[in-house]
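Working notes for the structure below.
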Amino acid sequence: MNKYRSHNCSELSEKEINKSVLLSGWLHRKRDHGNLLFLDLRDHFGMTQCVIENNNKYFPVLEKSKPETVLKISGIVVKRTSGTENLDLKTGKIEISIKSVEILSSAKELPMPVFGEQEYPEEIRLKYRFLDLRREEMHNNIILRSKVISFIRSEMLKLGFLEYQTPILTSSSPEGARDFLVPSRLNPGKFYALPQAPQQFKQLIMISGFDKYFQIAPCFRDEDARADRSPGEFYQLDIEMSFVEQNDIFEVVEKLMVNLFNTFSSKKMLSEKFPKIPYEDAMNKYGTDKPDLRNPLIIQDITEIFNRDDVKFDIFKKLVKSGSIVRAIITKNTKDKPRSFFDNIDKWAKEQGASGLAYFTIEKDEEIKGKGPVGKFFSQEALKQIMKICNAEVGDSIFLACGNKKEIEKILSLARNKIAQSLNLIDKNLFAFCWITDYPMYELDENSKKIIFSHNPFSMPQGKLSELNFQKPLAIKAYQYDIVCNGIELSSGAIRNHLPDLMYKLFAVAGYTKKDIDDKFSGMINAFNYGAPPHGGIAPGIDRIVMLLAGKENIREVTLFPMNQNAQDLMMQAPSEVNEKQLKELSIKKDIKN
RNA sequence: GGGGGUGUAGCUCAGUUGGUUAGAGCGCCUGCCUGUCACGCAGGAGGUCGCCGGUUCGAGCCCGGUCACUCCCGCCA
């Protein structure tokens, strides 16, 4: 017999009536009638109502106990009389008639109540995280996270993968995010870095002949936070496979995601076969490489219209002559929307830093014409051509943006979301996955005008290796891909480059010498010279998957002990000062500028 | 590094054009109450209006600065 309980707080029912039971839990809520007191006892599993009358010697003790006191209650299971049952509660047909009570741990007055669904400031929630986590919604989010992780583990094992741990203390890498550094006592002046991801290790695991790897891997990046991005640390489902092509990886991940999302959510999937969208198409049609496919709006290029003589929209025509392009978003059957709808979108676009969004509606009386501020600039023939390009009909409206490719992609991808939200076009009960494929190997850095890797420098370029044109690096595509769900990037991955000679050439384009690579990636590059299998992988973000499944917009809602935006743990008070002795041992001197 | 939002009781918030003693709900304390489940009723305590400075006869309110939290941009191969 357990010292604290015979049952948990959710399992008693009419079956146990008249039984003596022992329950332990938190005092969730008290209803004090003076001579009769009800209390809800709560634990991880649920809630049970207990009742005590003033003839019981423990009555005054309970009357004085504050919420969240931890109690051990012994009593008899009693059937509730009809009319006093609470069917919202699993144990609502019975209650415990209290015989005796022991206070296991008392609680002070709470900085934030556990009871109820009121919102509380982030600062208090983080400082008193243990209280926040007792609240039903947070508690359930964390349980969901745990179940998701075990489900993933068991599915991956079923798919023939094995889980391997990789080092947490490793070496700093020149590419990518800022590293978290850890000073080495035994090697004064030298530092370990926490892994931004186990990238090189998982490739080394393949080279070591293990074939299929996965890990629920902690990753550390010293970059600024966002709502969907923890500062410092996060978890990836890290995957790597040997002797595979891109599609083999897609198959595994699709199977896993479909299974996972169907198991943990009642929302439907737009398609269980995830569409594959080349990067270039995604940028053209959605203006972004993480499109929300629940949103039916598509961006169309209508630059050619502005070369017509019967189009009088001089501002745009002038810009087009000097190289700008014009792209449009069509909204179906919006001719009756009030003027304010259109103006709000235009105003919003200006707030986003764009020069605004021009718009008009296609109407027809005698002939087809454009209605709205810029509608008069288009002839009937021009409108017909627009309708043909955009697959638009009378009654539809058109939003236009003009500028260089990058500007337009940015504003129209935002506008696509904004307009869809305004028109309520996004089905919230849907998961829409897709693959974005064929990323360019390189891109031009805006500031330095240098060629840099656009994604992962260890990726395999596409095409016959003998025919790769290193003179035109921006045209080289890679076997690189992202998986996106509802506009959220879950992960990127790649087929890796396992050929050292090719790797030297690819890095040379981005300005790295052979020595740079030999120094910085010594472990991996050395291994490639002793027989490396073709391999590839991916690493979906666990936190974001759980966010999607829990329907939460903020990563802290699905993280047990998160840090705040300034990368501070308000509960543990990290980071903190350390004493001089520790610093001395590590050969470190502080030099703080302010 | 930059931009936006917020900051008034333990918590959620209201506070008019700058004008007497800054309010409400929840929580807390006291009393009453034997069928509640957001129990009810009566009473009470609780405030450096984030902080510093300025304008003014007078500042929660206006101005400048600063701090905290948050959202976004940059950043995150």
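Values in this document were obtained by computation on a predicted structure and should not be read as measured data. Convention: sequence-line order gives letters A, B, ...; per-chain numbering from 1.
- Shown here are the side-chain contact (heavy atoms from CB on, under 4.5 Å) partners of Asn35(A), two or more places apart in sequence or in another chain: Asn54(A).
- The residues Asp224(A) and Arg229(A) are annotated as not salt-bridged, no charged nitrogen and carboxylate oxygen being separated by less than 4.0 angstrom.
- The distance from atom CG of Asp228(A) to atom P of C71(B) is 10 Å, rounded to the nearest whole Å.
- Spacing between atom NZ of Lys127(A) and atom C1' of A68(B) amounts to 13 Å, rounded to whole angstrom units.
- Between the side chains of Asn295(A) and Tyr286(A), no donor N or O sits under 3.5 Å from an acceptor N or O.
- Straight-line distance between the C1' atoms of U17(B) and C13(B): roughly 23 Å, to the nearest whole Å.
- Under the 3.5 Å distance criterion, with hydrogens and angles disregarded, a donor-acceptor pair is assigned to the side chains of Asp238(A) and Tyr213(A).
- Spacing between C72(B) and G10(B) at atom C1', rounded to whole Å, works out to 32 Å.
- The backbone N or O of Val558(A) sits less than 3.5 Å from a side-chain atom of Arg145(A), completing a donor-acceptor pair.
- Mapped onto RNA chain B by nearest heavy atom, Glu119(A) and Gly176(A) fall at different nucleotides, with Glu119(A) at the one closer to the 5' end.
- Here the separation of U30(B) from C52(B), taken at their P atoms, is 35 Å to the nearest Å.
- At the heavy-atom level, Arg125(A) lies nowhere under 4.0 Å from the strands shown.
- By the salt bridge (Lys or Arg N to Asp or Glu O under 4.0 Å) test, Arg29(A) pairs with no residue at all, sequence neighbours left out.
- The interatomic distance linking Leu126(A) (CG) with C11(B) (P) rounds to 15 Å, in whole Å.
- Between the side chain of Lys30(A) and the backbone N or O of Glu63(A) there is at least one donor-acceptor pair closer than 3.5 Å.
- Without hydrogens or angle criteria, Asp43(A) side chain to Gly46(A) main chain gives a donor-acceptor distance under 3.5 Å.
- In this structure, Gln246(A) and Trp435(A) have side chains that are not in contact, with every pair of non-hydrogen atoms separated by 4.5 Å or more.
- Below the 3.5 angstrom threshold, one finds a donor paired with an acceptor across the side chain of Arg229(A) and the base of C75(B).
- One interatomic measurement links the two molecules: CD of Glu489(A) to C1' of C75(B), which rounds to 14 Å at whole-angstrom precision.
- Rounded to a whole Å, the CG atom of Asp179(A) is 12 Å from the P atom of C76(B).
- Judged as a salt bridge (Lys or Arg N to Asp or Glu O under 4.0 Å), and not counting sequence neighbours, Glu443(A) has no contacts.
- In this structure Glu223(A) satisfies the side chain to side chain donor-acceptor pair (under 3.5 Å) test together with Arg178(A), sequence neighbours excluded.
- Nucleotides C49(B) and A22(B), compared at atom P, are 11 Å apart to the nearest Å.
- Lys590(A) has its side chain within reach of Glu577(A): a pair of non-hydrogen atoms, C-beta onward, lies under 4.5 Å apart.
- Listed candidates were C76(B), C69(B), C73(B). Nearest to the side chain of Arg226(A) is C73(B).
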Shorter than 3.5 Å, N or O on both sides, protein versus nucleotides 43-47 of chain B: list them out with atom names.
none

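- For the segment residues 434-442 of chain A, no residue has any heavy atom less than 4.0 angstrom from an atom of RNA chain B.
- Remark: Lys514(A) is positioned above the aromatic ring of Tyr504(A), its terminal NZ or CZ atom under 6.0 angstrom from the ring centre and at most 45 degrees off the axis.
- Salt-bridge formation is detected for the pair Asp228(A)/Arg544(A): a Lys NZ or Arg NE/NH1/NH2 atom is positioned less than 4.0 Å from an Asp or Glu carboxylate oxygen.
- Note on Gln199(A): a base of the nucleic acid sits closer than 4.0 angstrom, heavy atoms only.
- Checked against a 6.0 Å centroid threshold, the rings of Phe507(A) and Phe521(A) count as neighbours.
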Check: Could you write out RNA chain B as a dot-bracket string, with dots for unpaired bases, | for bases paired across to another strand, and Watson-Crick or G-U pairs counted at under 3.5 Å?
Finding: (((((((..((((.....[...)))).(((((.......))))).....(((((..]....))))))))))))....
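- Of the possible polar contacts, none joining the Thr69(A) side chain to the Ser106(A) backbone as a donor-acceptor pair under 3.5 Å is found.
- Nucleic acid contact for Asn554(A): sugar-phosphate only, since backbone atoms but no base atoms lie under 4.0 Å from a heavy atom of the residue.
- Between Arg544(A) and C76(B) there is no side-chain N or O to OP1 or OP2 distance below 4.0 Å.
- Computed from coordinates, the Lys66(A) NZ to G27(B) P distance equals 13 Å when rounded to whole Å.
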Notebook entry, point to check: Once each nucleotide of nucleotides 32-39 of chain B is scored for protein heavy atoms under 4.0 Å, what B/S/- sequence comes out, 5' to 3'?
Noted result: -BBBBBSB
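- Within residues 557-575 of chain A, the residues having any heavy atom closer than 4.0 Å to RNA chain B are, in order of number, Asn564(A), Gln565(A), Asn566(A), Gln568(A).
- Partners of Lys57(A) under the salt bridge (Lys or Arg N to Asp or Glu O under 4.0 Å) rule, at least two apart in sequence or in another chain, do not exist in this structure.
- Rounded to whole Å, the separation between the C1' atoms of G50(B) and C39(B) comes to 37 Å.
- In this structure, a donor-acceptor pair under 3.5 Å is present between the side chains of Gln462(A) and Asp438(A).
- Going from the P atom of G25(B) to that of A45(B) covers 15 Å, rounded to whole Å.
- Nucleotides G74(B) and G4(B), compared at atom C1', are 15 Å apart to the nearest Å.
- Salt bridge status for Arg42(A) with Glu136(A): absent, with no side-chain N to carboxylate O gap under 4.0 Å.
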Any protein N or O atoms within reach of nucleotides 5-10 of chain B? Criterion: under 3.5 Å, listing atom names and distances.
residue	atom	partner	partner atom	Å
G10(B)	O2'	Pro111(A)	O	3.4

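- Listed in residue order, the members of residues 502-525 of chain A having a heavy atom less than 4.0 Å from RNA chain B come to none.
- Remark: Glu245(A) CD is loosely packed, at most 12 non-hydrogen atoms of other residues, nucleotides or ligands lying under 6.0 Å away.
- Only the P atoms considered, C71(B) is 45 Å distant from G31(B), to the nearest whole Å.
- No engagement by Ser492(A) is indicated, since no non-hydrogen atom pair under 4.0 Å with the nucleic acid exists.
- The aromatic rings of Phe250(A) and Tyr481(A) sit perpendicular to each other, their planes meeting at more than 60°, with 30° as the lower class boundary.
- For the pair Glu122(A) CD and U12(B) P, the interatomic distance rounds to 12 Å; values are reported in whole Å.
- A 4.5 Å side-chain heavy-atom check between Lys477(A) and Pro278(A) finds every atom pair outside the cut-off.
- Looking at Asp179(A) and Phe220(A), their side chains never come closer than 4.5 Å, going by heavy atoms from C-beta outward.
- Nucleotide U12(B) holds its P atom 11 Å from the CZ atom of Arg135(A), rounded to whole Å.
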